[in-house]
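As the structure is a computational prediction, the values presented were derived from the model and not from experiment. Below, all heavy atoms of this structure are taken into account, side chains as well, without hydrogens, waters or symmetry copies.
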Amino acid sequence: MCEKEGVLTGAIGMATESSEGEEEGKMIGGNQHLVVEDDLREMAKKAAWSVSSCKAGNGVLSLRDDNLDTYWQSDGAQPHLVNIQFLKKVKLQLVVIYVDFKLDESYTPSKISIRAGDGFHNLKEIKTVELVKPTGWVYISLSGNDPRETFVNTFMLQIAVLSNHLNGRDTHVRQIKVYGPRPYEPHPTPALPVHFKRVHYLLFCEIRRIVGAQALKQQRQGRK
């Protein structure tokens, strides 16, 4: 039995707000280093992860161990599924997977579908990509055709391996990362040092004393 990462509690509801499914795109190669923008954060650490099948010792935990030498290996009919469920609706913008054609050959995914929804009952395909002998990190944007649709707002994300290279049956995926926009956090105004505040206060008091003394002097001169 495949192990599961995380525990999901509570009801999953409400409709997914996302773009229509997009045309299939091709991705060649891969990046050796994982690099993402500073305004993105990893979202899937607190999600519940599960897979449709796995070989003993190569379960869902291998997708999240930050170790490129381990991998999830499916053990069943295609499509092979990775399910990521959140306790609340989240904004997701980018999926990054690590695959290695040089090591895994026919186990390497060649076609992947990304689906989103409230749960298993209403998942909707939002992206389909074709991989061409990839080795490294592969970046899959979840943005829609409309420039205003930069993310998908969802309770669940499903990554489906539809086919493998060389007509392979089972698949190997070594890592999966899911990113969403980082919440805007205004930078607080740094507090002034206490001594700096005190200097200004003393200066204010001195100016007020001088102005008061001049006003009193002028008042006395006017009486003479």
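Shown here are the side chain to side chain contact (heavy atoms under 4.5 Å, CB included) partners of Leu166, two or more places apart in sequence or in another chain: Ser106. For Arg41, the salt bridge (Lys or Arg N to Asp or Glu O under 4.0 Å) test picks out no residue, with sequence neighbours left out. Residues satisfying the side chain to side chain contact (heavy atoms under 4.5 Å, CB included) test with Asp39, not counting sequence neighbours, are Glu37. For the side-chain hydrogen bond (donor to acceptor under 3.5 Å, both in side chains) test, residues two or more places apart in sequence or in another chain that qualify with Asn83 are Ser50, Gln158. Applying the salt bridge (Lys or Arg N to Asp or Glu O under 4.0 Å) test to Glu105 and every residue at least two apart in sequence or in another chain returns nothing. With sequence neighbours excluded, no residue satisfies side-chain hydrogen bond (donor to acceptor under 3.5 Å, both in side chains) with Thr108. Residues satisfying the salt bridge (Lys or Arg N to Asp or Glu O under 4.0 Å) test with Asp104, not counting sequence neighbours, are Arg174. Legend: residues meeting side-chain hydrogen bond (donor to acceptor under 3.5 Å, both in side chains) with Gln175, ordered by chain and number and at least two apart, are Asp65. When the side-chain hydrogen bond (donor to acceptor under 3.5 Å, both in side chains) test is applied to Ser110, the partners found at least two apart in sequence or on another chain are Ser163. Shown here are the salt bridge (Lys or Arg N to Asp or Glu O under 4.0 Å) partners of Asp66, two or more places apart in sequence or in another chain: Lys177.
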With side-chain contact (heavy atoms from CB on, under 4.5 Å) as the test, would you mind laying out the steps for Met43 and Leu92 before giving the verdict? CA-CA 8 Å; Met43 297 292 293; Leu92 304 177; 3.8 Å; yes
Take Trp137 and Val35 through the test side-chain contact (heavy atoms from CB on, under 4.5 Å) and record every step on the way to the result. CA-CA 9 Å; Trp137 295 100; Val35 180; over 6 Å; no
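The backbone N or O of Val132 sits nowhere less than 3.5 Å from a side-chain atom of Glu130 that would complete a donor-acceptor pair. For Thr171 (side chain) and Ser74 (main-chain N/O), no donor-acceptor pair under 3.5 Å exists by modelled atom type. Lys111 places no side-chain N or O within 3.5 Å of a backbone atom of Thr128 that could act as its donor or acceptor partner. Judged purely by atom type and a 3.5 angstrom limit, Gln32 uses its side chain to pair as donor or acceptor with the backbone of Thr135. With hydrogens and angles ignored, the 3.5 Å screen pairs no side-chain donor or acceptor of Gln85 with any backbone N or O of Phe120. At distances below 3.5 Å, at least one donor-acceptor pair connects side-chain atoms of Asp100 with backbone N or O atoms of Lys102.
Taking both residues in full, the closest heavy atoms of Gln93 and Thr150 are given as CG-O, 3.1 Å, listed atom of the first, atom of the second, then distance. Nearest heavy-atom pair across Asp75 and Arg169 is OD1-NH2, 3.8 Å. Minimum interatomic distance between Val161 and Pro109 (heavy atoms only, all atoms of both residues): CG1-CB, 3.8 Å. The nearest pair of heavy atoms linking Ile84 to Ala47 is CG2-CB, 3.6 Å. Of all heavy-atom pairs spanning Ala160 and Pro79, the tightest one is CB-CB, 4.5 Å. Between Ile176 and Trp49, the shortest heavy-atom contact is CG2-CH2, 3.8 Å.
The hydrophobic clustering, which links ILVMFWY residues whose side-chain heavy atoms are closer than 4.5 Å, places Phe86 and Val60 together. By the rule that hydrophobic residues join a cluster once side-chain heavy atoms approach within less than 4.5 Å of another member, Ile140 and Leu157 end up as members of one cluster. A chain of hydrophobic side-chain contacts below 4.5 Å, direct or via other Ile, Leu, Val, Met, Phe, Trp or Tyr residues, connects Val178 to Val99. In the hydrophobic clustering of ILVMFWY residues, with side-chain heavy atoms under 4.5 Å counting as a link, Tyr98 and Ile159 come out apart. No chain of hydrophobic side-chain contacts below 4.5 Å, direct or via other Ile, Leu, Val, Met, Phe, Trp or Tyr residues, connects Val129 to Leu94.
Screening residues 157-179 for ring pair (Phe, Tyr, Trp, His ring centres under 6.0 Å) gives Tyr71-His172, Phe101-His165, Tyr107-His172 as the qualifying pairs, with residues at least two apart or on separate chains. Applying the salt bridge (Lys or Arg N to Asp or Glu O under 4.0 Å) definition to pairs two or more places apart or across chains, none involves residues 90-99.
Counting heavy atoms of neighbouring residues, nucleotides and ligands inside a 6.0 Å radius, atom CG of Asn167 does not exceed 12 of them.
Put simply, CG on Leu68 and OG on Ser62 are 12.0 Å apart, with the number rounded to the nearest 0.5 Å. Between the CH2 atom of Trp72 and the CG atom of Leu63 there is a distance of 7.0 Å, given to the nearest 0.5 Å. Distance check: Thr154 OG1 to Phe151 CZ gives 12.0 Å after rounding to the nearest 0.5 Å. Taking CD1 from Ile112 and NE2 from His80, the interatomic distance works out to 11.5 Å, rounded to the nearest 0.5 Å. Interatomic distance, CG of Asn122 versus CZ of Arg115, reported as 13.0 Å (0.5 Å rounding). To the nearest 0.5 Å, atom CG of residue Leu131 and atom CG of residue Asn164 are 10.0 Å apart.
For the pair Met156 and Leu123, the minimum side-chain heavy-atom distance is below 4.5 Å.
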